[in-house]
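In the text below, chain A, chain B and the rest are named by the order of the sequence lines, each starting its count at 1.
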2 protein chains.
Amino acid sequence: MKKILIVDDEEKIREVIREYAEFSGYAAEEAADGMSAIGMVKLNDYDLIIMDIMMPKLDGFSAVKEIQKIKNIPVIMLSARGEEYDKLFGFELGIDDYVVKPFSPKELMARVNAVLNRRDASERNVSNIQKFEGLEINIAARTISVDGKRVELTPKEYDLLFYMIQHKNIALSREKLLEDIWGYDFFGDDRTIDTHVKNLRNCLGPYRKFIVTLRGVGYKFEYEE
Amino acid sequence: MKKILIVDDEEKIREVIREYAEFSGYAAEEAADGMSAIGMVKLNDYDLIIMDIMMPKLDGFSAVKEIQKIKNIPVIMLSARGEEYDKLFGFELGIDDYVVKPFSPKELMARVNAVLNRRDASERNVSNIQKFEGLEINIAARTISVDGKRVELTPKEYDLLFYMIQHKNIALSREKLLEDIWGYDFFGDDRTIDTHVKNLRNCLGPYRKFIVTLRGVGYKFEYEE
DNA sequence: TTTCCGATGAAGAAGATACTGATTGTAGAT
DNA sequence: ATCTACAATCAGTATCTTCTTCATCGGAAA
């Protein structure tokens with residue numbers, strides 16, 4: 001049986017959710033704030049966490065941030081209607097879904113089911129991370145790692161790499177790169193690209209090999225699976 | 001950067017999808033109903049459309065039907081749980097995937113990535129490779145292979161081969177080759193071509209036979225299917 | 001056989017890219 | 001508003017690849 005952790009400071013809400021969750025065939029436990037949630041995650045294994053944002057002691061976002069360091073558990077956030085929060089911030093944390101209060105427990109459970117049922121499927125697709133041997137690009141997080149080690153890229157370097165892997169195995173002229181990455185209104189020097197390619201290659205370590213030079217043309221990200 | 005059109009009558013849903021799409025490295029635009037979606041498709045180029053089925057003015061299926069008349073764009077349909085629809089009908093329209101509400105934005109993006117990657121892969125493999133027996137030219141990648149083995153060409157060699165296969169079975173004088181490949185402002189020696197033809201032939205192995213010498217004239221790429 | 005034209009190999013010239021270092025531009029902190 | 005830190009750009013030089021030319025060889029046409 002799947003186990004859900006419900007985190008909310010209002011006892012009433014916790015109770016409603018727990019009852020409906022158990023009714024839907026889940027085991028459920030409760031925590032009243034972010035702090036105790038973290039403690040419970042350390043001690044138990046949960047399949048999913050339903051977490052309110054506004055809470056005493058430790059807010060939902062901070063709690064999720066801590067929890068994700070410990071275990072990779074899907075999270076559904078609860079937020080009051082009109083509550084100000086930064087969605088992007090949430091996405092970065094790998095939050096799976098939002099539900100706005102007031103919600104119907106039916107709707108909430110539908111989302112719980114959706115997240116849990118498809119957790120496997122989306123893990124299979126993992127498409128937010130692209131791998132090229134030891135080179136991994138996490139598109140959602142805008143980060144890359146080389147042989148498992150995180151490497152920091154400047155914005156342009158990342159844009160360049162991202163563009164190239166999206167057009168892998170295609171010859172890319174300098175003009176096309178400038179137009180698509182820098183924008184049609186950039187009238188700078190072609191050689192600017194060379195510099196960024198150089199810098200990018202330095203960041204990629206052994207995987208610099210994927211970026212091949214096409215003399216008289218431009219560059220290409222070459223990778224055949 | 002790939003551009004996605006999000007069509008749904010609920011602003012909240014559009015917003016969540018758009019933010020996650022942008023977060024995942026896509027550009028995104030929104031339309032509130034089928035009608036305006038059609039208008040936007042006419043004006044812009046999208047790489048993918050995420051479309052709700054139930055909408056005022058014009059439902060998702062009808063909109064897709066119209067859009068497919070204009071442009072061939074992959075589509076992911078959104079449908080409410082239990083909503084009645086005929087999946088086969090959808091696939092006939094060329095719909096690439098279904099996602100049932102409520103969905104997690106993470107899952108939706110995984111499917112978007114899957115659909116786009118599929119498209120890219122099939123586009124790469126279909127139209128961009130020309131075959132002449134064991135000689136294959138991949139125009140997008142600017143590569144050739146001989147009997148399945150990759151062979152590196154210098155820029156001029158590639159340009160020459162590319163030009164010749166685009167004018168196969170046509171007699172090409174040295175003057176014409178110089179003018180079209182080197183440019184009208186090249187005033188070098190005719191014999192330069194001979195050297196490049198020689199080098200190119202060496203690269204082509206058994207398929208050097210396709211390049212025939214026309215004594216007193218120039219060369220010709222000879223290949224009848 | 002003679003003549004002509006193309007094929008070939010080698011070497012210097014030309015051209016393109018890689019890289020260094022300096023300058024300019026920009027966002028965030030104080 | 002100013003400062004600071006870092007990124008983006010550009011100019012100049014070094015380095016490497018490719019192109020072109022030339023001299024010679026070989027083979028087909030007359």
Do B:Val99 and B:Ile50 make a side-chain contact, defined as non-hydrogen atoms from C-beta onward lying under 4.5 Å apart?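 No, side chains not in contact.
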Protein-nucleotide distance ([X], atom [atom1]; [N], atom [atom2]), rounded to Å:
{"X": "B:Ile181", "N": "D:dT18", "atom1": "CD1", "atom2": "C1'", "result": "16 Å"}
{"X": "A:Ile211", "N": "C:dC19", "atom1": "CD1", "atom2": "P", "result": "12 Å"}
{"X": "A:Leu204", "N": "C:dA18", "atom1": "CG", "atom2": "P", "result": "14 Å"}
{"X": "B:Leu160", "N": "D:dT20", "atom1": "CG", "atom2": "P", "result": "11 Å"}
{"X": "B:Tyr158", "N": "D:dT18", "atom1": "OH", "atom2": "P", "result": "16 Å"}
{"X": "B:Leu200", "N": "C:dG6", "atom1": "CG", "atom2": "P", "result": "17 Å"}
{"X": "B:Arg201", "N": "C:dG9", "atom1": "CZ", "atom2": "C1'", "result": "16 Å"}
{"X": "A:Tyr219", "N": "C:dT17", "atom1": "OH", "atom2": "C1'", "result": "6 Å"}

Does the side chain of A:Asp189 pick up a donor-acceptor pair with the side chain of A:Thr192 at under 3.5 Å? no
If the threshold is 4.0 Å, N to carboxylate O, is there a salt bridge linking B:Lys71 and B:Asp45? yes
Charged N-O contact under 4.0 Å between A:Lys220 and A:Glu222: yes
Assign B:Arg208 to base, sugar-phosphate, or nothing according to its heavy-atom contacts below 4.0 angstrom with the strands shown. nothing
May I ask you to decide if the ring planes of B:Tyr223 and B:Phe210 are parallel, tilted or perpendicular, using 30° and 60° as cut-offs? perpendicular
So B:Trp182 and B:Phe186, would you call those rings parallel, tilted or perpendicular, with 30° and 60° as cut-offs? tilted
So, B:Asp47 side chain and B:Lys3 main chain: donor-acceptor pair closer than 3.5 Å or not? yes
Pairwise salt bridge (Lys or Arg N to Asp or Glu O under 4.0 Å) hits with a residue in residues 153-174 of chain B, at least two apart: B:Arg142-B:Asp159, B:Lys168-B:Glu225, B:Arg174-B:Asp194
Would you give a per-nucleotide map of nucleotides 8-15 of chain D, 5' to 3', where B means the base has a protein non-hydrogen atom under 4.0 Å away, S means only the sugar-phosphate does, and - means neither? SBBS----
Counting only heavy atoms from other residues, nucleotides and ligands, does the tally under 6.0 Å from CE of B:Met40 exceed 12? yes
Look at the side chain of B:Lys198 and the base of C:dG6, then say whether one donor and one acceptor between them are separated by less than 3.5 Å.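 By the distance-only test, no, there is no pair.
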To the nearest 10°, let me know how far the axis at one end of the helix from C:dT1-D:dA30 to C:dT30-D:dA1 is tilted from the axis at the other, five pairs an end. 40°
